[in-house]
2 protein chains.
Amino acid sequence: MAELTVGLLLYPAFEVLDMAGPIEVLNVLSVYMGKSLQLYVIAATMEPVSPGPIEPGPSSSFAGQQLYMPTHTLDNAPALDLLIVPGGPGSNNKEALQPSLDFIRNVYCGYQGHPPAKYLFSVCSGSLMFAWAGVLDGQRATTNKSFWTFITSNGPKTHWVAKARWVASGNIWTTSGVTAGIDGMLALVSSIWGEDTAEKVSATIEHNRATQSDDDPWAEKYDCQDVPAVAG
Amino acid sequence: MAELTVGLLLYPAFEVLDMAGPIEVLNVLSVYMGKSLQLYVIAATMEPVSPGPIEPGPSSSFAGQQLYMPTHTLDNAPALDLLIVPGGPGSNNKEALQPSLDFIRNVYCGYQGHPPAKYLFSVCSGSLMFAWAGVLDGQRATTNKSFWTFITSNGPKTHWVAKARWVASGNIWTTSGVTAGIDGMLALVSSIWGEDTAEKVSATIEHNRATQSDDDPWAEKYDCQDVPAVAG
């Protein structure tokens, strides 16, 4: 039995570093520090998933050539301890993502006889998908600062924290833009395995880490303020 | 014609964030800022390449499930402006990597009628492969700090700079451990497209960037000193 089963939810036009930041942290735990972790890559179909743009354009060739292979679909994903949802250009495609949003809700609540996941973790605009899935209602959360107004307005029942590299609220971890996913996952590792372990991982990847959740210069740079939840 | 053609050289057991850091920087340039970039993913064969360990072990299941699809092999790779080589556990497998080392040398010198690449860029222990390929002879370089003695001893004709997040020497860019690849690629972007562009990319990914090449706390933490080149 793995110490932690991890599901990575992918969809077209995800952001590559949103995915790789948290996965690298867990890889180091697995490969260099001997923790027994199990990764499942989950997508709508078993076709390769590309971080390229949804609409091919003149510069689409760049990102479009990296392909990630799912191990499971939304319908046959195994029980998960931790679900990771990256952001990216594709995350605002609400209609097309509805099956993935249902999946997030199911993982949060428990489904097909599986217990609820212990942790949900989003990077960047992955929190938009969490908001649409309804799992952020009544919670505190953060998201990337460059789309602050758009994303927070799509989660009216959530208290959005602006000056936050990450927010842990209940069992839901949301992180800020892209590289914040590295800091947030190190914080989650610290909460599970202790700060010494998190520091060892951070030193292994030579990451100049934000160790405090409010150690975030980007809220001010993008002039973002907290957005309280709307009652009801 | 793309403004920059980029080759990403993959091999078994590469480090996932070594790959994704620089690629994310270039993705943002391509997807959000409209630069026309072309990415080729190059490997020994067209089989998917896994960042998992070479020797499957008890915790190998984690990293082993991510697969990246090559677009070209070492034998038919197109002309490149920029070659990116990630590090990782697989990078010290010298014998098995010999065709990849030959490829690096060829890209550096020009081959099959292609001109030499404008830039070579390594992350972490990717510099070990550069050293073995001979392209660091007479150059200054850096590498990850946790394998400092091993890697520097494998590049006796190179001046190894300890306190360096990255080193640009001639047209060869070497970066320090894992996340240094983000800072190094932002520095390369700055040198090609200007500092404003690099800052925009850094802000988009909310990266707490090291803007100076010697802004590296890890040399001291790992007690690493410069290693001068041995004459001859």
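Proteins come first, then strands; the chains are lettered A, B, ... in the order of their sequence lines, and each starts at number 1.
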Visitor: Pairing donors with acceptors under 3.5 angstrom, does anything connect the side chains of B:Ser36 and B:Glu3?
Guide: no
Visitor: Would you mind checking which part of A:Val25 comes under 4.5 Å of any heavy atom in chain B, side chain (CB onward), backbone (N, CA, C, O), both or neither?
Guide: neither
Visitor: Decide yes or no for A:Ser127 and A:Ile151: does some side-chain heavy atom of the first lie under 4.5 Å from some side-chain heavy atom of the second?
Guide: yes
Visitor: Please list every donor-acceptor pair under 3.5 Å in which a side-chain atom of residues 178-188 of chain B meets a protein atom from a residue at least two apart or in another chain.
Guide:
residue, atom, partner, partner atom, Å
B:Thr179, OG1, A:Ile205, O, 3.2
B:Thr179, OG1, A:Glu206, O, 2.8
B:Thr179, OG1, B:Arg165, NH2, 3.0
B:Asp183, OD1, B:His207, NE2, 2.7
B:Asp183, OD1, B:Ala210, N, 3.1
B:Asp183, OD2, B:Arg165, NE, 2.7
B:Asp183, OD2, B:Arg165, NH2, 3.2

Visitor: For B:Lys221, is it the side chain, the backbone, both, or neither that has a heavy atom closer than 4.5 Å to a heavy atom of chain A?
Guide: neither
Visitor: Hey, what's the ring geometry for A:Phe14 with A:Tyr11, parallel, tilted or perpendicular (30° and 60° as the breaks)?
Guide: perpendicular
Visitor: Heavy-atom pairs under 4.5 Å with chain B: which of A:Ala203, A:Ser176, A:Ser146, A:Gly21 has the most?
Guide: A:Ala203
